[in-house]
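Right, one structure below, let's go through it.
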Amino acid sequence: MDVDRHARGRALGNGAAAGARPIAALTLALSARLLLGAAAPPRQASVAYVIDGDTFRLASGERIRIAGIDAPETRPGQAKCRREIAAGRAATATARGLLQGRTVRLARLGRNYNRTVARVTLDGRDVAGELVRLGASRWWPRGQRKPDWCHG
């Protein structure tokens with residue numbers, strides 16, 4: 001009987017650490033469930049106006065920042081060089097041609113600078129990938145330095 005109890009103790013884990021494992025796993029599972037449940041499901045919306053190469057405004061007035069990419073700036077106070085401003089104007093024109101007046105599908109991820117950050121799809125295609133493919137933006141993974149539009 002003592003052998004059985006010893007074997008069960010090893011299988012279940014011993015001490016406070018063993019008791020903490022199921023609680024930690026449960027906490028993690030509940031946290032993931034809450035986070036996933038809190039994210040709004042993808043929905044369709046109409047693009048009213050393209051602000052720049054990675055930001056647009058919906059017909060509802062909400063500003064959307066396309067997740068995962070960076071487009072060059074268009075304003076002298078924000079751009080680091082003239083080359084970036086020129087590239088920013090071209091990126092804005094490209095994004096406008098792709099998105100203006102179209103219906104897109106949004107998967108909201110969060111907020112940044114008073115804008116909603118979202119994955120955006122158009123006719124089943126990832127808009128971020130399209131803008132990168134067209135040269136209007138560059139991939140900008142979270143936590144990485146912003147792309148340099150003046151030297152490359």
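Between the side chain of Glu62 and the backbone N or O of Leu58 there is no donor-acceptor pair closer than 3.5 Å.
Note that the OG1 atom of Thr55 and the CD1 atom of Ile66 stand 7.0 Å from one another [nearest 0.5 Å]. We find the CD1-CZ distance between Ile69 and Arg138 to be 12.5 Å, quoted to the nearest 0.5 Å. In this structure, CG in Asp52 is found 5.0 Å from OG1 in Thr92, a value given to the nearest 0.5 Å. Atom CH2 of Trp149 and atom CD1 of Ile85 lie 14.0 Å apart (nearest 0.5 Å). Taken from OG in Ser46 to CD in Gln100, the straight-line distance is 9.5 Å, to the nearest 0.5 Å. Note that CZ of Phe56 is 13.0 Å distant from CZ of Arg96, once rounded to the nearest 0.5 Å.
Connection of Val132 to Val50 is established within a shared hydrophobic cluster, with ILVMFWY side chains joined at heavy-atom distances below 4.5 Å, either directly or through further cluster members. Note: the hydrophobic cluster containing Leu131 does not contain Leu109 (ILVMFWY, side chain heavy atoms under 4.5 Å, direct or indirect links). Note on Leu98 and Trp139: same hydrophobic cluster, where clusters join Ile, Leu, Val, Met, Phe, Trp and Tyr whose side-chain heavy atoms are under 4.5 Å apart, directly or indirectly.
Considering all non-hydrogen atoms of both residues, Pro72 and Ala91 come closest at CD-CB, 3.9 Å. Closest of all the heavy-atom pairs between Ala128 and Ala67 is CB-O, 3.8 Å.
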| query | Under the side chain to side chain contact (heavy atoms under 4.5 Å, CB included) criterion, do Arg111 and Thr116 qualify, and how do the steps go? | reply | CA-CA 5 Å; Arg111 304 242 343 132; Thr116 298; 2.9 Å; yes
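The local environment of CZ in Arg89 is sparse, with at most 12 non-hydrogen atoms from other residues, nucleotides or ligands closer than 6.0 Å. Atom CG of Asn112 sits in a crowded spot, with more than 12 heavy atoms from other residues, nucleotides or ligands closer than 6.0 Å.
Side chains of Arg108 and Arg43 form a contact here, defined as non-hydrogen atoms less than 4.5 Å apart.
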Check residues 120-127 and write down every donor-acceptor pair under 3.5 Å in which the side-chain atom is one partner and the other belongs to a residue at least two apart or another chain.
from: Asp123; atom 1: OD2; to: Arg102; atom 2: NH2; distance (Å): 2.7
from: Arg125; atom 1: NH1; to: Glu130; atom 2: OE1; distance (Å): 3.4
from: Asp126; atom 1: OD2; to: Gly129; atom 2: N; distance (Å): 2.8

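Within the structure, every pair that satisfies the disulfide bond (SG atoms under 2.5 Å apart) test and touches residues 57-86, not counting sequence neighbours, is listed here: Cys81-Cys150. Within the structure, salt bridge (Lys or Arg N to Asp or Glu O under 4.0 Å) contacts touching residues 63-75 (residues at least two apart or in different chains) are Asp54-Arg65, Arg65-Asp70, Asp70-Lys146, Glu73-Lys146.
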